[in-house]
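Read the structure below first, then the notes.
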Amino acid sequence: MQKQAQLIVKYQETDKKLKLIEDELNGSEDAKKFFTARKFLQTVKEKLAELDQKAKVLTDNYNALLSEAKSLELSAKSYEDKIALCETEEELNALKRKVDDLKAKSSSIEQKIDSVSKEMNDLYKEYADLGRKNVEMKAVYSEYGPKVQELKTSKDKEMAEVKAELDKLSKEINAELMAKYQSRRKDKKFPIVFGLDFSKNMNYCPRCATQLFAGFVSELKQGEIKECESCHMLIYGYDSKEK
Ligand SMILES: [Zn+2]
């Protein structure tokens, strides 16, 4: 195995210790509750702003419908006055048709007003739910925050030791390779580095089983550490029969 491959494999072995501690810290029930609460509290303002925006649109809509209803009512009234003064049947029928038309419009506006009122009621419920959840999540945050912190503190020393070890190891590793590794690590991927055993003569990514091109494999044979085009994990080659 090439030197850089050995180094990055060694780095990953050490990094696994750090990963296990991180998983323990993040995976406990206490931590999950705490992170859920923290995420809620970080985003509650945005949710509130969204509701405010919805409320504004609905209120504007509601007011516009009310004023339309009002003007229809006035028109209806003016036709009624005219009907009282009608002299011919023809005139009377024409006016009645207009009144019917207004009634239809008016009833459609009423329906719209009902539907907007219903949406407004739903929105008030959403506000109330959000407020309740906010209180609940604040309580979870204060209850579990100290527990999570306590667990974290109990691991501080161990973590610092592993990190120091990783820091030392990283100094010998090619910077570009290290950066690729760290970027996968940030995406919470693990393990990141995989070995392809040439003696088995299989040209598949050891992680995702995507077929590797001949050129890709021959570069691995020349000692390069390459990135799988499909899963983006890092692959090095070795021969288990060659010692
Ligand atoms: Zn792959």
Side-chain angles (χ1 to χ4, degrees), residues 22-86 91-153 179 182-190 231-232:
E22 287 171 359
D23 287 350
E24 190 186 339
L25 291 180
N26 298 332
S28 72
E29 285 308 309
D30 287 0
K32 282 180 192 160
K33 284 178 188 155
F34 174 73
F35 291 134
T36 306
R38 190 176 66 180
K39 184 151 189 219
F40 174 87
L41 294 170
Q42 280 166 346
T43 54
V44 69
K45 275 190 186 151
E46 283 166 36
K47 282 182 200 147
L48 194 60
E50 263 174 46
L51 293 186
D52 285 347
Q53 180 55 31
K54 269 194 207 168
K56 192 189 170 309
V57 171
L58 284 175
T59 309
D60 289 350
N61 206 347
Y62 187 77
N63 289 335
L65 286 167
L66 281 187
S67 92
E68 209 177 333
K70 185 85 196 155
S71 91
L72 285 174
E73 198 184 307
L74 289 175
S75 312
K77 186 121 192 67
S78 82
Y79 283 129
E80 275 165 25
D81 294 346
K82 281 181 195 158
I83 285 172
L85 303 171
C86 256
E91 249 184 296
L92 184 65
N93 286 337
L95 280 173
K96 274 183 177 166
R97 274 199 297 280
K98 282 186 178 163
V99 170
D100 285 346
D101 188 37
L102 280 179
K103 277 184 187 160
K105 274 188 190 155
S106 194
S107 124
S108 136
I109 296 276
E110 269 168 32
Q111 277 174 14
K112 283 183 190 161
I113 289 176
D114 281 352
S115 126
V116 172
S117 303
K118 197 186 158 299
E119 279 183 70
M120 286 169 110
N121 278 332
D122 291 345
L123 190 63
Y124 293 139
K125 273 187 209 131
E126 276 189 66
Y127 269 116
D129 288 345
L130 192 66
R132 259 195 305 276
K133 197 161 181 206
N134 195 37
V135 172
E136 197 184 299
M137 289 291 124
K138 273 185 180 160
V140 171
Y141 186 88
S142 358
E143 185 183 350
Y144 290 94
K147 291 182 185 175
V148 169
Q149 188 54 47
E150 198 184 320
L151 181 63
K152 191 176 172 295
T153 308
Q182 296 301 6
S183 112
R184 306 301 173 272
R185 184 70 158 85
K186 264 196 201 116
D187 296 339
K188 302 195 189 325
K189 300 271 168 41
F190 205 87
C231 69
H232 303 289

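- Panel note: side chain S115, backbone Q111; no donor-acceptor pair is recorded below 3.5 Å.
- S75 contributes a side-chain N or O that, together with a main-chain N or O of S71, makes up a donor-acceptor pair within less than 3.5 Å.
- Here the side chains of L123 and L58 are in contact, with some heavy-atom distance below 4.5 Å.
- Of the possible donor and acceptor atoms, one in the side chain of S28 sits under 3.5 Å from a partner among the backbone N and O of A31.
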### Task
Decide yes or no on side chain to side chain contact (heavy atoms under 4.5 Å, CB included) for I109 and L72, but give the supporting numbers first.
CA-CA 9 Å; I109 296 276; L72 285 174; 3.8 Å; yes
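- One distance of note links NZ of K103 with OH of Y79; it measures 13.5 Å at 0.5 Å rounding.
- Contact detail for I83 and V99: the closest heavy-atom pair is CD1-CG2, 3.9 Å.
- Within 6.0 Å of CZ on F190 lie more than 12 heavy atoms contributed by other residues, nucleotides or ligands.
- To the nearest 0.5 Å, atom CD of residue E22 and atom NZ of residue K152 are 10.5 Å apart.
- A distance of 7.0 Å separates NZ of K188 from CG of N26, quoted to the nearest 0.5 Å.
- E126 approaches L51 most closely through the heavy-atom pair OE1-CD2, 3.3 Å.
- The side-chain heavy atoms of K96 and L92, taken from C-beta on, include a pair separated by under 4.5 Å.
- In this structure, L66 CG and N61 CG are separated by 10.0 Å, a value rounded to the nearest 0.5 Å.
- At a threshold of 4.0 Å, the pair D101-R97 does not count as salt-bridged, since none of the basic side-chain nitrogens sits closer than that to a carboxylate oxygen.
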### Task
Might you work through the salt bridge (Lys or Arg N to Asp or Glu O under 4.0 Å) test for K56 and D60, ending with a clear yes or no?
CA-CA 6 Å; K56 192 189 170 309; D60 289 350; 2.9 Å; yes
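- Residues passing the side-chain contact (heavy atoms from CB on, under 4.5 Å) test with Y124 are M120, N121, Y127, sequence neighbours excluded.
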### Message
L130 vs F40, test: side chain to side chain contact (heavy atoms under 4.5 Å, CB included). Steps then yes/no.
### Response
CA-CA 10 Å; L130 192 66; F40 174 87; 3.9 Å; yes
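- Evaluation of the salt bridge (Lys or Arg N to Asp or Glu O under 4.0 Å) test over residues 62-81, restricted to residues two or more places apart or in two chains, returns none.
- Expressed to the nearest 0.5 Å, how far CD of E91 lies from CG of L95 amounts to 6.5 Å.
- A salt bridge is absent between K47 and E50: the closest approach of a Lys/Arg side-chain nitrogen to an acidic carboxylate oxygen does not fall below 4.0 angstrom.
- Considering CG of L25 and CZ of F35, their distance stands at 8.0 Å, rounded to 0.5 Å.
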### Task
Apply the test side chain to side chain contact (heavy atoms under 4.5 Å, CB included) to residues Y62 and I113: give CA-CA distance (whole Å), side-chain angles for both, the deciding distance (0.1 Å), then the verdict.
CA-CA 6 Å; Y62 187 77; I113 289 176; 3.8 Å; yes
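- Every pair passing salt bridge (Lys or Arg N to Asp or Glu O under 4.0 Å) that includes a residue from residues 129-144 is listed here, sequence neighbours excluded: D129-R132, E143-K147.
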